[in-house]
Participant: 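Pasting in a structure now, in structure tokens, and then I'll have a few things to ask.
The structure presented is a predicted model; accordingly, all values stated were derived computationally and were not measured.
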Amino acid sequence: MTRRVLAGSRALVGDPLTAVASVGLAVFVLLAVFGPSLAPHKPFETLSDAGGLPLRLKAPGPGHWLGTTTRGHDVLSQMMHGARIAFIVGVMSAVVAGLIGAAIGLLSGYYGRTVDQVLMRLTDVAFGIPTLPFALIVVGILGPGVLNTIAVIAAILWRTQARVIRSQVLTIKERAYIRAARIAGAGHGRIMLLHIGPNILPFLLLYLALSVAQSVLLEAGLSFLGFSDPRVITWGGMLNAAFEAGAVRTAWWWVLPPGLALSVVVVSSFVVVRQFEEAVNPRLRTV
Amino acid sequence: MGFVLFMIATLMFGMFVLLPGDPAASFVEEGLSRKALERQRELWGLDAPLHVQYLRYLGNVATLEFGVSFRAQVPVREVLVEKFLNSIAMMLPALILIMVGGTVIGAYLGWRRGTAVEKTAVLAGLAVESMPSFFAGIVMLMLFSYGLGWLPSSGMGPSGSGGSFVATVFSSDFPRYAALPVLTLAVRGVNGPMLLMRTSMIEIRGSDFLMLLEAKGVSELRIVRHAVRNAILPMITYFGVLIGTLFQGQVLLETVFGWPGIGRAVVDALAARDFPVLQGAFFFTAIVVVGMNLVVDVLYGYLDPRVRVTGDEVRA
Amino acid sequence: MDSHCLSRRSFLGLAPSILGAAAVPTAFFESVASAAVAGRPVPELVLSHQTTGGEPEMARKLSEDLEKLGLRMKLRPLSLQAWLDAMTQRTYGDMTNRVKTPLPQRIADPESLLFETYHSSQAQSPRYNFGNYKQPEFDKWYELQAREFDPKKRLEYIGRAANVIGADYFDCFRGNGPSVLHVYNKDWTGGIGTAGYGLAGTAFNWTWPLIRSASGKRRVVVGQPSMRAHTNPFAPDGWSYEGQYVFDRLATLDENLKIIPWALESFGSKDAVTWDVVLRRGMKWHDGRPVTVDDLKWTFDFILAHKPSFFSPVWDNVASVTVTDPARQAVRIVCKQPYASFPAAVLVFTSLYPRHVIEPMMREQGVSKPHELRFESRHVVGSGFFKLKRYTRDVEMVYEANKDHWFAPKGVDELVWKVVRTVDAMMGQLQNREIDFAYMSFTPSQVKELLKSPYLAVKEHPTTAAPYYTFRIDQLPWRDIEFRKAFHWSVDRNYQVQVMWEGAGRVVTEDSVFVPSHPFYTPVETKHGYDLQRARQILKDAGYTWDGSGRLVLPVDGDPNFRKRVNDVVIQYPGQKNLYAPVL
């Protein structure tokens, strides 16, 4: 298994497209870590001209390299600050969703019967819930905020993980060494964690990586509809502000950067995940 | 399926109970007396004990009658039919484009595997699908509506066309108004089935049965037809999932394109705390999604596990 | 409400303790705000705000400034319904934004502005004195003006009342604005706008019956971001604004917001409680039947009998309605108490309704309350200068000119209200001439962009809107006037006007309920501005301190000035014990 993961990482460097995508992701991570301290301005600082009037809707130029918003805020600085929230929400929701999904999938696949029935019906319920409206209602209950957004997204995304992990567990648990371990008297917990766990880890990581992209998109969608904390700048929130201000027609410098940033993060992770997936699941390599 | 729907219905009830905000609250602005306020709540059944409200709600669910919309003051059924139809007017053309386009392009790419065209197409598909839908919509607007001025930016038709649904959809103006939302949906949606079809084609191409045909000297076109016929099966399950997804309403795209569909209706109902409409819309959506999942489950045997990666239904 | 032990709200433990001085939990999942205690840091302040009109940005700016003073802030963005609920239930936390925009039908009536928001009788859930402000001095001046028929004296009393609020540092006003900037196609001329509502409004608007197109068009299309979800004029969220084109009001406001008789020939008061009105002659319903004095009498009776919630408050004061002279079409209304605002609150508030349509509707639909009626387009029969032709929910509303009306539209045969949801689309449709007017106020930068199209023009009207922050004056730290004073010096009104409104508004230096363009405006003597240094000094002088981490700490228990400010100044009302429970 470790070998497969290693092979996966090696494959990331091999393919030029994947290399570009990896660079994209690396830039994203760097921005998330250092962006806020490197940004020339605070995200909500109103830039003024010599006469003290706000620099409103200025096209890119010196001092504001990606232009300004209707409120004189610097788009570049907002972009750099926004990376951190996208990263935190993306990774945290994916991890939480992954853990919930893995636990449910593992228990369901391993125990089978009633446990499986109950947990899988639960998963069916989760699949039957319309994603975005559900998220909007939950945010309506909890109130907006980074933690609540993470909770909402995790509450939606775990279902896919649960199903995939379960089907993996179903095939793994019939293997000879698992049976051997059982006959040797290993407890359920031990078998699940030590024998099955490592085998599903690559799949878990794969889906985790995939749900980072999905979380980023969902968070952006929620922010775009205005369901975010006004004190925290997000890329979706930037697009919401531009849209609400009716600036889409003129201020391309305000619309394109956050939108493209979102797209690049998502497409990069898709590309990387694909490569990783091929390494993890050699069957796909024939395709 | 019944159990799942019951659970979804119960979950939703719980969420609506927890949701802060009283639909009668907005009437206080007009100087409504406290008595009148309570009368209004009584009229809407919000004064009843919670378990009575729950039973009443389950009754609604069982009979698919969700009462009268607080906001529009007409039966919920009418609001839902109106909004779902509007959404379908946008979804159906997109669905057809996605199905036909995905199948044709995917089959072509699978057949021409390894060429520059194939690589570019796969990459382009991925890139477009990675754009958040609302951003894709905004870019479409920037290009074709605000930039080139070719297509209208909002709504389902010009002023004065707002007669019946049929009149709106079959008017000669409708294609122009529907073009951008439908294209945005289709361009982003086509990637999944395209990749799926491509994979199926590649697999079938490598199968013994095609080699046999080839050896027999059957023409390429006929072989392709055979291959397509076999590759198309997984597509059907994919479309089951897709219909379920689309039926949730495209809240974001409906917002961007000012389309009066079910997605916007849910957001508006949420803002107004119009519980009957929310309950109805949620439940009908759930029926479709669960129903489509059931179809997918039935056909699960045909569905390649890796489809789940590209065909996951979560898309913002 | 208390009797339903399992009702939705009380189940959640949200039942508000009416008049409770203790902090009320702000939402189900939020920890209960810890009460402020003397000598301890000020607890985290909760600011609830709406999600529209730039409120999130203002809330962000305010919390940034207050944090500089050593306060901790929590923001709660709420959609309209949730916000109204939080306000009426007093679960909004410490403070909230509000906009004072006089309702169109009440603009000439100080009641809704003063009574509803500041009178002590309204200082309880679900009333609209959201801060639970109780000030006998204010009540006194308010009640004097309500009974005063002499306009000059009345104005003086209103001014006194406004000054009491100002001196108390209650309700922190942020500015007057934004100015109403309506953009329209120059092809249409002759429109007249009103202050606060602009050129293309739906309320008290003289544009639609007066405009003409230079190119001879007879159909005018108006874009609006959203529309009403039904056409029932009796519903609580009534079809009141657009409806007045269809249902003639008894009196209305001219372009200067002065009250003029409309469906009446005349109205006047015989004495302080008796009002005589005379119905206009020769009016017809849209179905051709004549409007009779019986219809007028029936309209009064119908409203008195059903008190559709929309009308109820003003009608509580009406004792009787009688036809005094059928030939002259004269009706007499007798009030229970003298009521100086009668024309504004009752006559401008009331439309004529057709008995021959409404009564059969009630029977056929089997409903007992008019606001449950279902109005199809064919049911919308009024006497106004427009007839409703077609209503398509969330899409458009089409009106047809009523040629038989004495004020029939001159240049328009058809008026279309079209829903254009997004700002960009609204601007685009103005520019490509899909719409002629937009019922939406643009910002100066949007106007600049729009005016690049040579055939578009802009018309500016002063605003009647005055956004402000209100707070729970019955709770610490707000009970301390020095804290309120410091808060007043921490609100960046220039940011509101210069950044948010792009300069299209007025920076205020006083807390006035009325904007200067309002007929009841009086200057308020207590002035303030934005100066965080000064705010800090006020707090310091009042005995506030800062702890090691820079957090603001309330004065200590033994501070006699603090004790006096918080406990003794507030007068208790008879029979209302523990209104301001001692907290020290």
Participant: Does any heavy atom of chain B fall under 4.5 Å from the side chain of Val416(C), the backbone, both, or neither of them?
Facilitator: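 The answer is the side chain of Val416(C).
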Participant: Nearest 0.5 Å please: distance from the CE atom of Met142(B) over to the CG atom of Asp424(C).
Facilitator: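 The distance works out to 9.0 Å.
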Participant: Charged N to carboxylate O under 4.0 angstrom, Asp394(C) versus Arg264(B)?
Facilitator: no
Participant: Is it the backbone or the side chain of Glu414(C) that comes under 4.5 Å from a heavy atom of chain B, or both, or neither?
Facilitator: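 The answer is neither part of Glu414(C).
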Participant: Return the option, out of Leu141(B), Val79(B), Leu270(B), Val74(B), with the maximum number of heavy-atom pairs under 4.5 Å with chain C.
Facilitator: Val74(B)
Participant: Taking side chain as everything from C-beta outward and backbone as N, CA, C, O, which of these in Thr255(B) sits under 4.5 Å from a heavy atom of chain C? Side chain, backbone, both or neither.
Facilitator: backbone
Participant: Looking only at heavy atoms and a cut-off of under 4.5 Å, which of Ala72(B), Ala265(B), Pro152(B), Ser153(B) has the most pairs with chain C?
Facilitator: Ala72(B)
Participant: Testing the basics here: between Arg393(C) and Lys83(B), what is the closest heavy-atom pair and its distance to 0.1 Å?
Facilitator: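 Heavy-atom minimum between the residues: O-NZ, 4.4 Å.
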Participant: What pair of heavy atoms forms the shortest contact from Thr422(C) to Val256(B), and how long is it?
Facilitator: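 The pair with the smallest heavy-atom distance is CG2-O, 3.9 Å.
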Participant: Roughly how far apart are Ser154(B) OG and Ile435(C) CD1, rounded to 0.5 Å?
Facilitator: 9.5 Å
Participant: Below 4.0 angstrom, N of the basic side chain to O of the carboxylate: do Arg374(C) and Glu78(B) qualify?
Facilitator: yes
Participant: At what distance, to the nearest 0.5 angstrom, does CZ of Arg421(C) lie from CH2 of Trp259(B)?
Facilitator: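 If I round to the nearest 0.5 Å, the distance is 13.5 Å.
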Participant: Sort out for me which of Lys389(C), Gln122(C), Gln429(C) touches chain B most, counting heavy-atom pairs under 4.5 Å.
Facilitator: Gln429(C)
Participant: Side chain, backbone, both or neither: which part of Asp268(B) has an atom under 4.5 Å from a heavy atom of chain C?
Facilitator: side chain
